[in-house]
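Working notes for the structure below.
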Amino acid sequence: MVELETVFELLREERRRYALYYLYERNGPVSVDELVETVEKWEDEGTAPELDSVDEIALELQHVHLPKSAEVEFIQYDPSRNLVQINGSPPEFDAFVTVAKLLETPEE
């Protein structure tokens with residue numbers, strides 16, 4: 001069981017939420033590059049990607065949001081292989097991430 005405070009902390013930052021939404025929908029590991037591309041697309045809502053923006057997102061995900069997310073046992077981040085995944089998430093997390101994504105609806 002994960003504490004409610006932990007789930008809220010994971011969902012507090014928009015960029016981390018977008019990453020978690022994407023990871024939650026996937027079965028198995030996702031490359032950080034794929035995750036960065038998706039987060040960038042959702043943040044810019046279809047505008048042309050800017051290199052600075054992509055680099056900033058990659059840096060922030062790799063050094064802030066993914067390590068923070070990996071503090072819970074159901075999120076695995078392997079920086080040496082550039083892979084991340086959600087595996088065996090508890091029902092509390094599942095419920096909140098599902099509702100949050102429905103309310104926020106990033107464009108796919």
Tell me whether the rings of Tyr18 and Trp42 are parallel (<30°), tilted (30 to 60°) or perpendicular (>60°). perpendicular

Can you classify the ring geometry of Phe8 versus Phe96 as parallel (below 30°), tilted (30 to 60°) or perpendicular (above 60°)?
perpendicular

Are Ser53 and Glu40 close enough that some pair of their side-chain heavy atoms sits under 4.5 Å apart? yes

Glu43 meets the salt bridge (charged side-chain N to carboxylate O under 4.0 Å, His left out) criterion, sequence neighbours left out, with Arg15

Can you confirm whether the side chains of Asp33 and Ser31 place a donor and an acceptor under 3.5 Å from each other?
no

Show me the donor-acceptor pairs within less than 3.5 Å that the side chains of residues 64-71 make with the rest of the protein, sequence neighbours left out.
| from | atom 1 | to | atom 2 | distance (Å) |
| --- | --- | --- | --- | --- |
| His65 | ND1 | Arg16 | NH1 | 3.1 |
| His65 | NE2 | Glu60 | OE2 | 2.6 |
| Ser69 | OG | His65 | O | 2.8 |

Counting only N and O atoms by type, is there a donor-acceptor contact under 3.5 Å from the side chain of Arg17 to the main-chain atoms of Ala100? no

Using modelled atom types only, decide if a donor and an acceptor are shared between the side chain of Glu14 and the backbone of Leu11 within a distance under 3.5 Å.
no

Taken in chain and number order and not counting sequence neighbours, the residues that satisfy side chain to side chain donor-acceptor pair (under 3.5 Å) with Glu34 are Tyr22

Sorted by chain and number, sequence neighbours left out, side chain to side chain donor-acceptor pair (under 3.5 Å) with Tyr77 holds for none

dist Glu5:CD -> Leu10:CG (nearest 0.5 Å) comes out at 11.0 Å

dist Ile57:CD1 -> Lys41:NZ (nearest 0.5 Å) comes out at 12.5 Å

Donor-acceptor contacts under 3.5 Å from residues 83-92 side chains, at least two apart:
| from | atom 1 | to | atom 2 | distance (Å) |
| --- | --- | --- | --- | --- |
| Ser89 | OG | Asp94 | OD1 | 2.4 |

Students should find that the hydrophobic cluster of Val99, defined by side-chain heavy atoms under 4.5 Å apart, otherwise consists of Leu103

Residues Leu61 and Ala19: closest non-hydrogen pair is CD2-CB, 4.0 Å

* To do: Take Glu73 and Val2 through the side-chain contact (heavy atoms from CB on, under 4.5 Å) test and state the conclusion after the steps.
  => CA-CA 9 Å; Glu73 72 266 359; Val2 65; 5.8 Å; no

Please determine whether a side-chain nitrogen of the Lys or Arg among Glu104 and Lys101 lies less than 4.0 Å from a carboxylate oxygen of the Asp or Glu. no

